[in-house]
Amino acid sequence: MSLETGAPPLYVADSGHGLALAEEADETASTGGLESQISGSFVAVLIEELHLATLRRRPPIPFRKLTFDVAFNKVGAFTLEVPATKRSWALVQLTTAGDLKPFGLTVDWNGVSSHVFRAESWGYKRALDHQSGRIIEVLTFTGGDMLSLLANRIAYPDPTKAWASQPSTTRAYTGAAETVVKQVLAANLVQAGDAARRVPLLDVAADQGRGGQVTYKIAPIRPPASPTTVGDSPTIASTLMDMVRAVALQSRIAVRITLHGARLLCDTYFARDMTAKAVFATSLGNLGDVDLTVSDPTATTILAQTSTPAYTQTNGTASSDPWQRVEQVLDLTGTDTDAAKSATEALAKGAGTVKLAVNAIDLPRLRYGAADVGVTGYQVGDIVTIDLAEAVTYADIVSKVSFTADTTGAAYAESVTPTIGADEDAADDQTLTAQLAARLREVERKLRATAP
């Protein structure tokens, strides 16, 4: 029986007509003819396979639907639905254990932003479409962006040695935030003594010594035979992504991995203050749906006790207000971790958060992605301004941006939805989002002070 794959017809981006039939694109892809269909001055969304061993691009992939996230200091996820054609079945290469062999994807979004992902799992669905009477076959691939490499590896105390030869002592890195982050990443991803831990074709960008002074310790687990021993709290189980977030608590910094030619580049970046240039307001026509949630702090005063014993107090911004004061005890009697640093982190975790889920609308002069002549481009990590009402203005960070390209409806549809403020859906990143909210309060106060 002959099977038809897809209903309604499937499409890929095309410059002349916006979309081209996927069946046609799939046939031309095998002969390299797809380039002519998508060449030109405008490309909607272009998805290409990336061979991980060489980082060479392969022919574009026709798709049904693509969704993905780009997040601040967090792995972004993607889901890609494609028609089950000969071209897409070629992506399914299995290991001897039956698992999907990871492959790469590059996404060019309207020519203003590019993204690189790693497919890690897959699924297949075959069903009868009762409206058309046709059988539809769909392959679905899921995975994450290249920050997943950091989330899948820990920081060794001595990265030059194998796990069996790790020391029982703590390794401390001290210096500028960028220096510490890049030293730890390079040691564990590029120069690791265990060759299996190294990521092929990955470079860590040159250190520029940016950011404030920080300390990060990689402490092994203490033997249970000496529970009274005072030492550093174990951090050896923390991932490299956890390490970046821990450093960001001391000096705001973030990482990203991008594709440069035939190599991956891991680099750090810092939040840009775009409050004067990137403004979202109903009066400007670029503010759609808004979901605002403001939560009170859970800790304004940290009362720490160390092993001396010694008592220290660290106050947050609202500690002097009797109606807002929230006291929290921090037990440091079993560790020699720096009390001031631990108290600062505890305050960051307990800071009140502001979450703004905003459906923004790109304007000719303000959009997500690259800037251009007369066009302001905003990125994940930028601090932007939201005007909700008269005298109600918030400045917060673009913590996540969600993308959707969908060909399954009556008309091709795209959407770009930024989350501005704390991403409360990510429970593992509450420390980060609370810390960001606390630091951005000062920006808000400045905005309000200069308001007419």
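The aromatic rings of Y368 and H115 lie parallel to each other, their planes meeting at an angle below 30°, with 60° marking the opposite boundary.
Between L150 and I257, the closest heavy-atom pair is CD1-CD1, 3.8 Å. Scanning all heavy atoms of the two residues, the minimum distance from N188 to A155 falls at OD1-CA, 3.6 Å. The minimum heavy-atom distance linking S88 with V82 is given by the pair CB-CG2, 3.6 Å. The shortest non-hydrogen separation linking T169 to P157 is O-CB, 4.3 Å. The shortest non-hydrogen separation linking G369 to Q379 is O-NE2, 3.0 Å. When all heavy atoms are compared, the tightest approach of G212 to S251 is N-OG, 2.8 Å.
By the 6.0 Å and 45° rule, R197 stacks over the aromatic ring of Y156. Geometrically, R171 engages Y173 in a cation-pi contact, judged by NZ or CZ lying under 6.0 Å from the ring centre and within 45° of the ring axis. Annotation: cation-pi geometry satisfied between R256 and Y269 (NZ/CZ under 6.0 angstrom from ring centroid, within 45° of ring axis).
Inter-residue side-chain proximity for D145 and V75 is flagged as met; some heavy-atom pair is nearer than 4.5 Å. For the pair T275/V384, no side-chain contact is recorded, criterion being any heavy-atom separation below 4.5 Å from C-beta on. Side chains of V255 and V181 form a contact here, defined as non-hydrogen atoms less than 4.5 Å apart. Residues R126 and I136 have side chains not in contact (no heavy-atom distance under 4.5 Å, counting atoms from C-beta outward). At a threshold of 4.5 Å between non-hydrogen side-chain atoms, the residues V45 and D108 do not count as touching. A heavy-atom distance below 4.5 Å is not found between the side chains of F403 and D69. Contact check for K161 versus Q166: side-chain heavy atoms found under the 4.5 Å cut-off. Contact check for I61 versus L91: side-chain heavy atoms found under the 4.5 Å cut-off.
Between atom CD1 of residue I47 and atom CZ of residue F117 there is a gap of 9.5 Å, rounded to the nearest 0.5 Å. In this structure, CD1 in I397 is found 12.5 Å from OG1 in T419, a value given to the nearest 0.5 Å. Between the OG atom of S114 and the CG atom of L259 there is a distance of 7.5 Å, given to the nearest 0.5 Å. Going from atom CZ of R245 over to atom CG of L240 covers 11.0 Å, rounded to the nearest 0.5 Å. Expressed to the nearest 0.5 Å, how far CD1 of I135 lies from CG of L128 amounts to 6.5 Å. The OG1 atom of T408 lies 6.0 Å from the NZ atom of K65; values are rounded to the nearest 0.5 Å.
Heavy-atom contacts from other residues, nucleotides or ligands closer than 6.0 Å to CZ of R56 number 12 or fewer.
Ring centroid separation for the pair F280 and Y394 does not come in under the 6.0 Å cut-off.
Donor-acceptor pairing under 3.5 Å is lacking for the side chains of T376 and R365. Side-chain contact check for T404 and T67: no donor-acceptor pair (N or O, by modelled atom type) lies under 3.5 Å.
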Point to revise | Step-by-step salt bridge (Lys or Arg N to Asp or Glu O under 4.0 Å) determination, D267 to K182 | key: CA-CA 8 Å; D267 203 357; K182 288 184 173 178; 2.8 Å; yes

Exercise for review: Check step by step if ring-ring contact (aromatic ring centres under 6.0 Å, His included) holds for W122 and F103.
Suggested key: CA-CA 11 Å; W122 72 291; F103 63 88; over 10 Å; no

Practice item. Could you walk me through whether F141 and F63 pass the ring-ring contact (aromatic ring centres under 6.0 Å, His included) test, one step at a time? Key: CA-CA 11 Å; F141 298 97; F63 67 97; over 10 Å; no

Practice item. Test side-chain hydrogen bond (donor to acceptor under 3.5 Å, both in side chains) on E178 and T268 and set out the steps. Key: CA-CA 7 Å; E178 181 179 22; T268 56; 3.1 Å; yes

Practice item. For the pair D207 and Q183, evaluate side-chain hydrogen bond (donor to acceptor under 3.5 Å, both in side chains) and give the outcome as yes or no after the intermediate values. Key: CA-CA 9 Å; D207 176 31; Q183 282 181 348; 6.0 Å; no

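In this structure, the side chain of D194 engages the main chain of A196 through a donor-acceptor pair within 3.5 Å. A donor-acceptor pair is defined here as one N or O able to donate and one able to accept, closer than 3.5 Å; no such pair exists between the side chain of T140 and the backbone of E81. Here the side chain of N286 pairs a donor or acceptor atom with the backbone of A281 at under 3.5 angstrom. With N152 contributing its side chain and S148 its backbone, the two residues share a donor-acceptor pair below 3.5 Å. Panel note: side chain D372, backbone V375; no donor-acceptor pair is recorded below 3.5 Å.
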